There are 2 protein chains.
Amino acid sequence: MTELDTHGMLRGAGLRVTEPRRAVIEALSGLPHASADAVHARVSQSLPDVSLQTVYNVLHDLTGRGLARSIEPGDHPARYELRVGDNHHHLVCTHCGAIADVDCVVGQAPCLTPDDDHGYAVAEAEVTFWGLCADCRHAVVAPSPASVHL
Amino acid sequence: MTELDTHGMLRGAGLRVTEPRRAVIEALSGLPHASADAVHARVSQSLPDVSLQTVYNVLHDLTGRGLARSIEPGDHPARYELRVGDNHHHLVCTHCGAIADVDCVVGQAPCLTPDDDHGYAVAEAEVTFWGLCADCRHAVVAPSPASVHL
DNA sequence: TCCTTTTTTTGACTTCTTCAAATCACGGCT
DNA sequence: AGCCGTGATTTGAAGAAGTCAAAAAAAGGA
């Protein structure tokens with residue numbers, strides 16, 4: 001198991017080392033693809049006084065310095081991950097919003113060049129796979145109205 | 001120029017034909033990638049009493065019946081388009097949210113199969129290219145603080 | 001034309017996220 | 001080791017986008 005060097009990460013990015021920030025990084029490490037709320041809940045276990053606003057601030061700082069990445073799937077709340085810079089994509093559950101990682105599908109830079117860029121300076125290509133996660137397949141598809149038994 | 005058969009589209013989808021609905025489809029036809037607000041503004045030119053809520057209702061109905069598609073780019077408000085079922089993707093401006101169409105990049109179904117689907121029933125692959133549109137490149141990048149002249 | 005069902009309106013409300021001012025604390029410096 | 005300035009956190013309020021719900025209006029089949 002790789003030791004998580006929160007101190008080094010923060011200082012390396014030019015950020016001050018504080019308990020809330022270390023706790024957010026640790027939360028994200030244990031909960032990849034967590035929402036701000038989920039991070040807050042996790043952080044609150046060890047630091048009950050950290051506010052949700054602080055979690056938002058920290059997540060904003062981390063993403064701004066490249067230590068974290070935010071994923072904003074459709075109309076689901078934003079989620080955050082520490083995996084950055086390795087060009088991977090996401091499976092998103094249309095029902096519950098759960099997210100899973102997908103390593104780059106076609107070689108290393110899939111679909112990275114549109115044939116016509118319409119004058120845009122393209123910086124990044126993002127691939128999102130939409131579907132039902134295993135849990136929701138069972139919960140949503142399987143029990144038809146008539147077959148549900150409580 | 002193809003004539004827009006709003007009546008046929010609606011009836012074909014099992015929806016009643018109403019002025020607000022025809023107007024929304026026409027707005028979308030003239031403004032591809034319009035937000036609900038933009039559609040409402042356009043519709044208001046001919047039908048000033050149509051509420052924003054109605055526009056939301058209509059857009060919801062149209063997307064539900066497959067007549068329109070909604071695009072939800074990151075933290076920008078949702079946008080809508082009539083082009084459906086032709087597997088194209090989008091260039092989104094990170095600064096202003098402008099959207100341009102990109103025809104399918106790699107063959108016909110790019111990156112459509114993740115090697116590991118993590119138990120998800122994948123229904124769709126969405127590719128989004130992020131970058132600066134031509135206007136924003138000039139507005140944001142070009143004028144450095146010192147070189148701006150009012 | 002009448003009647004049922006679908007649409008539209010109105011207005012309040014939810015959720016996620018950001019803004020702003022005041023307080024607090026990290027950490028470079030002496 | 002202690003001070004101080006800048007950067008971090010808290011608090012509380014506000015904002016944007018979209019949804020919910022009940023009542024009024026209109027579409028279109030009989």
Side-chain angles (χ1 to χ4, degrees), chain A residues 6-25 27 33-41 43-44 46-65 67-80 92 96-97 99, chain B residues 6-25 27 33-41 43-44 46-65 67-80 92 96-97 99:
Chain A
T6 53
H7 186 102
M9 289 173 66
L10 290 167
R11 300 259 70 205
L15 293 171
R16 288 188 181 174
V17 180
T18 66
E19 284 309 302
R21 283 177 175 167
R22 303 177 69 135
V24 166
I25 294 175
H33 314 128
S35 64
D37 253 343
V39 170
H40 181 234
V43 166
S44 296
S46 50
L47 302 172
D49 292 338
V50 170
S51 66
L52 176 58
Q53 177 62 54
T54 293
V55 171
Y56 274 109
N57 290 159
V58 173
L59 290 171
H60 181 260
D61 294 341
L62 294 180
T63 54
R65 305 307 174 99
L67 295 184
R69 173 179 166 194
S70 80
I71 311 159
E72 291 163 7
D75 53 353
H76 297 282
R79 288 152 178 278
Y80 300 84
V92 183
C96 71
I99 296 184
Chain B
T6 54
H7 187 103
M9 288 173 66
L10 289 167
R11 299 259 72 204
L15 293 170
R16 289 189 179 172
V17 178
T18 66
E19 283 310 302
R21 283 176 174 167
R22 303 177 68 135
V24 166
I25 294 174
H33 315 125
S35 64
D37 253 345
V39 170
H40 181 234
V43 166
S44 295
S46 50
L47 302 173
D49 292 337
V50 170
S51 66
L52 176 58
Q53 178 62 53
T54 293
V55 171
Y56 274 110
N57 290 159
V58 172
L59 290 170
H60 181 260
D61 293 341
L62 295 181
T63 54
R65 306 305 175 100
L67 295 183
R69 174 179 166 195
S70 80
I71 312 158
E72 291 163 6
D75 54 353
H76 297 281
R79 287 151 179 278
Y80 298 85
V92 183
C96 71
I99 295 183

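Reminder, nothing fancy here: chain letters follow the sequence lines and each chain counts from 1. Note that this is a predicted model, so its numbers are computed, not measured.
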(message) Rounding to an integer number of Å, can you tell me how far Asp75(B) CG sits from dC19(C) P?
(response) 11 Å
(message) It should be established whether Thr54(B) places a side-chain nitrogen or oxygen under 4.0 Å from OP1 or OP2 of nucleotide dT8(C).
(response) no
(message) With a strict under 4.0 Å distance from non-hydrogen atoms of chain A, what nucleotide opens and what nucleotide closes the contacted stretch of DNA chain D, reading 5' to 3'?
(response) dG5(D) to dG12(D)
Extract from the structure each pairing of a protein N or O with an N or O of nucleotides 28-30 of chain C at less than 3.5 Å, listing the distance.
residue, atom, partner, partner atom, Å
dG28(C), OP1, Arg11(A), NH1, 2.9

(message) Rounded to whole Å, how long is the line connecting atom CZ of Arg21(B) with atom P of dT7(C)?
(response) 4 Å
Provide a list of protein-nucleic acid N or O atom pairs under 3.5 angstrom, restricted to nucleotides 3-5 of chain C.
residue, atom, partner, partner atom, Å
dT5(C), O2, Arg16(B), NH1, 3.0
dT5(C), O2, Arg16(B), NH2, 3.1

(request) Output the distance between atom CE (Met9(A)) and atom CZ (Arg22(A)), rounded to the nearest 0.5 Å. (result) 11.0 Å
(message) I'd like to check the salt bridge (charged side-chain N to carboxylate O under 4.0 Å, His left out) partners of Arg79(A); sequence neighbours left out, ordered by chain and number.
(response) none
(request) Take the protein atom NE2 of His40(B) and the nucleotide atom P of dT10(C), then report the distance between them rounded to whole Å. (result) 10 Å
(message) Could you tell me how far apart Leu47(B) (CG) and dT7(C) (C1') are, to the nearest whole angstrom?
(response) 14 Å
(request) To the nearest 0.5 angstrom, please state how far the CG atom of Leu10(B) sits from the NE2 atom of His7(B). (result) 8.0 Å
(request) Find the distance Asn57(A):CG to dT18(C):P and express it as a whole number of Å. (result) 10 Å
(message) Among residues at least two apart in sequence or on other chains, which ones pass salt bridge (charged side-chain N to carboxylate O under 4.0 Å, His left out) with Arg69(A)?
(response) Glu81(A)
(request) Measure from CZ on Arg79(A) to P on dC16(C) and round the result to the nearest Å. (result) 10 Å
(request) Could you state the atom-to-atom distance from CD of Glu19(A) to P of dG27(C) in whole Å? (result) 10 Å
(message) Both His76(B) and Val58(A) contact DNA chain D. Which one's nearest nucleotide lies toward the 5' end?
(response) Val58(A)
(message) Quick check for you: to the nearest 0.5 Å, what is the distance between Leu67(B) atom CG and Thr6(B) atom OG1?
(response) 11.0 Å
(request) Check every strand shown and say whether Thr18(B) touches a base, only sugar-phosphate, or nothing at a heavy-atom separation below 4.0 Å. (result) sugar-phosphate
(message) Angle between the end axes of the helix from dT1(C)-dA30(D) to dT30(C)-dA1(D), five pairs per end, to the nearest 10 degrees?
(response) 30°
(message) Tell me the interatomic distance from Asp49(B), atom CG, to dT7(C), atom C1', rounded to whole angstroms.
(response) 15 Å
(message) Among dT17(C), dT10(C), dG27(C), which nucleotide has an atom closest to any side-chain atom of Gln53(B)?
(response) dT10(C)
